[in-house]
Amino acid sequence: MDGDIDDMLASIKRIGKLGLENIIQGHGDIIVRGEIDAAVKENLNYLNNIKKAVKSAGKRKNVDEYLDAITIEECGKSRVHLGGLAETLHRRNLRALYRKMHGEE
């Protein structure tokens, strides 16, 4: 939520190129070798999708309604992740990124 999205995208791309055996996340399950490429693609896709959505939000009259309508599934993730907290975190991600991208920090 509070990180720089372009730094996060670059970091995830680097992780995908490291040839790791496993990834032990701060949140979520352990990602094993056969799942790493898919996890990297999923996370890059999610971040790129929320970035596009938030850019579009800046052109809307009712930003809050627009952001509330953007589901986590539309952005490429499941709401089931993290014991059901993924949807809440998704909403926070959208709002935090909007504030950063549109100068409301």
Side-chain angles (χ1 to χ4, degrees):
M1 288 180 283
D2 296 320
D4 180 274
I5 194 161
D6 294 319
D7 287 344
M8 285 188 273
L9 287 163
S11 293
I12 293 169
K13 287 177 186 174
R14 279 194 302 275
I15 288 169
K17 295 176 184 177
L18 292 174
L20 301 172
E21 292 287 324
N22 301 301
I23 298 175
I24 300 173
Q25 306 179 92
H27 302 284
D29 297 329
I30 294 173
I31 303 170
V32 296
R33 179 188 289 173
E35 301 169 340
I36 291 174
D37 288 343
V40 165
K41 287 177 186 172
E42 178 186 42
N43 283 296
L44 291 173
N45 184 47
Y46 174 73
L47 291 173
N48 282 316
N49 284 337
I50 66 167
K51 191 174 179 180
K52 287 177 194 171
V54 169
K55 281 184 183 178
S56 293
K59 301 171 189 168
R60 308 290 174 148
K61 285 185 179 182
N62 194 332
V63 172
D64 289 330
E65 275 183 27
Y66 179 76
L67 291 176
D68 285 343
I70 300 167
T71 67
I72 191 169
E73 291 88 359
E74 290 173 320
C75 293
K77 285 276 195 187
S78 169
R79 69 183 59 238
V80 176
H81 290 307
L82 303 174
L85 289 176
E87 181 66 22
T88 301
L89 294 173
H90 169 68
R91 299 270 159 238
R92 290 181 183 173
N93 287 340
L94 291 170
R95 295 275 189 290
L97 185 56
Y98 182 85
R99 286 189 304 273
K100 287 180 183 183
M101 290 178 75
H102 298 281
E104 294 183 16
E105 284 191 283

> Restricting to pairs with a member in residues 51-80, which pass ring pair (Phe, Tyr, Trp, His ring centres under 6.0 Å), not counting sequence neighbours?
Replying inline: none
> Quick one: side-chain hydrogen bond (donor to acceptor under 3.5 Å, both in side chains) pairs with a partner in residues 7-18, sequence neighbours left out?
Replying inline: Ser11-Arg14
>> With side-chain hydrogen bond (donor to acceptor under 3.5 Å, both in side chains) as the rule and sequence neighbours excluded, what pairs involving residues 45-57 come up?
In response: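 Output for this query lists Asp6-Lys51, Asn45-Asn49, Tyr46-His90, Tyr46-Asn93.
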If you round to the nearest 0.5 Å, how far is [atom2] of [Y] from [atom1] of [X]?
| X | Y | atom1 | atom2 | value |
| --- | --- | --- | --- | --- |
| Asp29 | Ile24 | CG | CD1 | 11.5 Å |
| Leu97 | Ile5 | CG | CD1 | 4.5 Å |
| Leu44 | Met8 | CG | CE | 11.5 Å |
| Leu94 | Ile50 | CG | CD1 | 6.0 Å |

Partner set under side-chain hydrogen bond (donor to acceptor under 3.5 Å, both in side chains) for [X], not counting sequence neighbours:
| X | value |
| --- | --- |
| Gln25 | none |
| Asn62 | Glu65 |
| Arg91 | Glu87 |

Under 3.5 Å, sequence neighbours excluded: what are the donor-acceptor pairs made by side chains of residues 69-76?
| from | atom 1 | to | atom 2 | distance (Å) |
| --- | --- | --- | --- | --- |
| Thr71 | OG1 | Glu74 | N | 3.1 |
| Thr71 | OG1 | Glu74 | OE1 | 3.3 |
| Glu73 | OE1 | Arg79 | NH2 | 3.0 |
| Glu73 | OE2 | Arg79 | NE | 2.7 |
| Glu74 | OE1 | Thr71 | N | 2.8 |

> Looking at side-chain heavy atoms only, is the closest gap between Lys77 and Asn43 below 4.5 Å?
Replying inline: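 Side-chain contact under 4.5 Å: yes.
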Between side-chain atoms of residues 30-37 and protein atoms elsewhere (two or more places apart, or another chain), which donor-acceptor pairs fall under 3.5 Å?
| from | atom 1 | to | atom 2 | distance (Å) |
| --- | --- | --- | --- | --- |
| Arg33 | NH2 | Glu21 | OE1 | 2.7 |
| Arg33 | NH2 | Glu21 | OE2 | 2.1 |
| Glu35 | OE1 | Val32 | N | 3.3 |

> What are the two closest non-hydrogen atoms of Val63 and Tyr98, and how far apart are they?
Replying inline: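 Closest approach of Val63 to Tyr98, heavy atoms only: CG2-OH, 3.4 Å.
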> Can you name the nearest heavy-atom pair linking Leu67 to Arg95, along with the distance?
Replying inline: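 Here Leu67 and Arg95 meet closest at CB-NH1, 3.1 Å.
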> Can Asp4 and Lys100 be said to form a side-chain contact (heavy atoms from CB on, under 4.5 Å), step by step?
Replying inline: CA-CA 9 Å; Asp4 180 274; Lys100 287 180 183 183; 5.9 Å; no
